[in-house]
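I have placed the structure first, in the form of C-alpha cells, so that the comments after it can refer back to it.
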Amino acid sequence: MTTQALASATAATLRPLRLNFAQVCIWCGYRWCTSPRCIGLHERSVWIVCIDCDGFGVIGPLDACHCVHGLMEATPAVDPAELRRPLPVYRLEDDEPEFMVTPRPAGRL
C-alpha cells in the first residue's frame, strides 16, 4: 500500500462518534439528536489527528485541548503533509519519568 493510499485510508477511519458519551450531538448540541442535517454533516466530515495535541487531548500538564477526543475536523486549508506526518506513541512530556531514590534508614531491614 502506498503512503498516499495509507494516509487516505487512515484519514477515512478517523471520526469521533456523532453523539458523545452523554448522547449529545457534536454538531447541534442536542441530546439524542436524529436530525438528518447533523447526520449528513457527520457523514461528509473528514477528521485528522489534532495538530495541537497530537491526539492526546492535552496541550500542557493542566491545559485541555479544544479538539474532540484527539481529533479535529479537517478543512480544505489543512496541509496534506499533516495527513502523512508521523505520530508520537506517547506525549513528549511523558518521555522522561522522574524517579527519586531515597536512602534506606540505618538499622532497619
Side-chain angles (χ1 to χ4, degrees):
M1 185 176 271
T2 67
T3 305
Q4 187 175 16
L6 181 61
S8 298
T10 303
T13 61
L14 296 175
R15 182 173 292 166
L17 298 173
R18 186 177 62 81
L19 302 178
N20 70 10
F21 297 117
Q23 300 303 299
V24 175
C25 179
I26 65 172
W27 299 100
C28 68
Y30 285 97
R31 193 177 311 274
W32 302 300
C33 168
T34 58
S35 165
R37 177 184 175 276
C38 293
I39 293 169
L41 281 172
H42 197 65
E43 288 175 357
R44 292 187 303 274
S45 65
V46 176
W47 297 79
I48 61 171
V49 174
C50 180
I51 59 176
D52 293 328
C53 71
D54 286 327
F56 293 101
V58 292
I59 297 174
L62 301 173
D63 297 326
C65 191
H66 63 279
C67 62
V68 180
H69 301 293
L71 298 175
M72 61 184 278
E73 188 177 7
T75 64
V78 171
D79 183 1
E82 288 295 332
L83 298 174
R84 296 183 302 275
R85 70 187 171 98
L87 297 171
V89 176
Y90 53 88
R91 289 181 42 214
L92 296 177
E93 292 82 19
D94 297 335
D95 190 24
E96 293 293 328
E98 294 182 19
F99 297 100
M100 186 172 78
V101 178
T102 55
R104 176 176 282 165
R108 296 184 128 190
L109 296 176

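Keep in mind that the numbers below use all heavy atoms, side chains included, and drop hydrogens, waters and symmetry copies.
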Side-chain heavy-atom pair C25, S35 within 4.5 angstrom cut-off:
no
Is the backbone of I39 close enough, under 3.5 Å, to the side chain of R18 for a donor and an acceptor to pair up by distance?
no
Heavy-atom closest pair (I59 atom, A64 atom, distance to 0.1 Å) is CD1-O, 4.4 Å
Correct closest heavy-atom pair for C53 and G57 would be SG-N, 3.2 Å
Could you report the tightest heavy-atom contact between R15 and E43, atom names first, then the distance?
NH2-O, 3.4 Å
Would you say the side chain of C38 lies within less than 4.5 Å of the side chain of Y30, judging by non-hydrogen atoms?
no
If you measure from NE2 on H42 to CZ on R37, what distance do you get to the nearest 0.5 Å?
14.0 Å
Shortest non-hydrogen pair, A74 vs I48, comes out as CB-CG2, 4.0 Å
On a heavy-atom basis, the closest approach of M72 and I51 is SD-N, 3.5 Å
Please say yes or no: joined through hydrophobic side-chain contacts below 4.5 Å, possibly via intermediate residues, are V68 and L14 part of one cluster?
yes
Test of understanding: clusters of I, L, V, M, F, W, Y form through side-chain heavy atoms closer than 4.5 Å, transitively. Do L71 and L19 belong to the same one?
no
State, to 0.1 Å, how close I26 and P16 come at their nearest heavy-atom pair, and which atoms those are.
CD1-CG, 4.2 Å
Kindly compute the distance separating CH2 (W27) from CD (E73), expressed to the nearest 0.5 Å.
4.0 Å
